[in-house]
Amino acid sequence: MQCNGKKALVTGASRGIGKAISDMLIARGAEVWGVSTKEPDDFAQRQSAAAGRLHWASADLSNLNALEALIDGLIKESGGFDILVNNAGITKDNLAFRMTLEDFQKVLDINLTASFLIARTVGRDMIRRRAGSIVNMASVIGVHGNAGQINYAASKAGVIGITKSLAKETASRSVRVNAVAPGFIESDMTAAIPEQAREKMAEQIPLKKMGQPEDVAELVCFLASDASAYITGQVIAVDGGMFI
Ligand code: NAD
C-alpha cells in the first residue's frame with residue numbers, strides 16, 4: 001500500500017475526500033500536486049507537514065479549453081505522474097423537470113468532461129512510460145440513479161463508462177484505470193443536507209453511519225499503489241453496505 005517516490009495529481013484536493021486522499025498519499029510516501037478552484041487556506045501548513053511534498057495549482061476545471069495546457073504544464077513540472085486521482089466534483093440538484101440546461105451541463109463539464117480530458121492528457125504520458133494508475137471518483141448514484149440528481153447521476157454513470165473504456169485502451173501498456181463509488185460521506189458536499197434527513201439516511205445504511213473521507217481515501221490509495229497491480233477497469237463501492 002506504500003507509494004514511496006510516486007508522483008500523484010489529485011483534483012479537488014483542497015477539502016473533503018480529495019484532501020484525505022492527498023494527505024494519505026503523502027503519508028505513504030508520494031509527492032502530490034493538488035488542484036482546486038483556489039489554493040486552500042491551510043496550504044502553507046499542509047505543505048510544511050508534507051515536508052515540501054505538496055504542490056498546488058489553482059484552476060477552474062470547468063474551463064475546458066484551458067485544461068490540456070494546464071495538465072501538460074503540471075506533467076512537465078513534475079516530470080510525469082504515476083498516479084492520477086480525478087476527484088473534483090460538484091452537485092447542482094433539482095428535479096429533472098425543473099433542471100436548467102445550464103445546471104445540467106455545468107455538472108457534466110466538471111464531473112465528466114474535465115475528468116476525461118485530464119485522464120487523456122495524463123494517460124497519454126503514462127502510456128509513453130508504460131506505467132501508471134488512474135482512479136476516477138464515481139458515486140453509487142452513477143450506478144443506481146437518484147431523484148433530484150439527474151445531472152449528477154448522468155455525470156457519474158459517465159465516469160464509470162470512461163473508466164472501463166480507458167482501462168481497455170491502456171491495459172496493454174500497463175496503465176490501470178479504476179473507479180471508486182462512495183456512498184454517503186461526511187464532507188461539505190453532504191453538509192448542505194439538513195441534519196434530520198442525514199440522520200434518516202444514515203439509519204438506512206447497514207453500517208448505520210455516514211462514511212468518512214478517510215474511508216474513501218484508503219481504497220483510492222490501494223488502487224493507486226502497486227498492491228492493486230492486477231486490478232483494472234473496476235468500480236468499487238465504499239458505501240457502508242448501502243446497496244447490498
Ligand atoms: P467537496 O465539495 O467537499 O470537495 C470538492 C472538491 O472539488 C473541492 O476541492 C473543490 O475545490 C473541487 N472543485 C469543485 N469544482 C471545481 C472546479 N470547477 N475546478 C476545480 N476544482 C473544483 O466534495 P467531496 O464530498 O469531497 O467530493 C469529492 C468527490 O467525491 C466528488 O467527485 C463527489 O462527487 C464524490 N462523491 C462524494 C460523495 C459524498 O457523499 N461526499 C459521495 C459520492 C461521491
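What you see is a predicted model; the values in this text were computed from it and never measured. One-based numbering, in listed order, for ligands and for the atoms of each. Positions are given from 1, in the same order as the sequence printed here.
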* Plane angle bin for Phe43 and Trp56 - parallel if under 30°, tilted between 30 and 60°, otherwise perpendicular ->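 The arrangement is perpendicular - the two ring planes meet at more than 60°.
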* **Parallel, tilted or perpendicular: ring planes of His144 versus Phe243, cut at 30 and 60 degrees** => parallel
* To do: Please list, by chain and number, the protein residues whose heavy atoms come under 4.0 Å of ligand 1.
  =>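 If the criterion is a heavy atom under 4.0 Å, then ligand 1 touches Gly12, Ala13, Ser14, Arg15, Gly16, Ile17, Ser36, Thr37, Ala59, Asp60, Leu61, Ser62, Asn87, Ala88, Gly89, Ile90, Ile110, Met137, Ala138, Ser139, Tyr152, Lys156, Pro182, Gly183, Phe184, Ile185, Ser187, Asp188, Met189, Thr190.
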* Spell out, as yes or no, whether a donor-acceptor pair under 3.5 Å connects the side chain of Arg176 to the backbone of Val135. => no
* Would you find a donor on one side and an acceptor on the other, under 3.5 Å apart, between the side chain of Asn151 and the backbone of Asp103? -> yes
* Heavy atoms from other residues, nucleotides or ligands near CD of Gln196 exceed 12 (cutoff 6.0 Å) ->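 12 or below, so no.
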* Please test Lys208 against Glu203 for salt bridge (Lys or Arg N to Asp or Glu O under 4.0 Å), starting from the C-alpha separation and ending with a verdict. => CA-CA 5 Å; Lys208 299 287 177 211; Glu203 195 48 41; 3.6 Å; yes
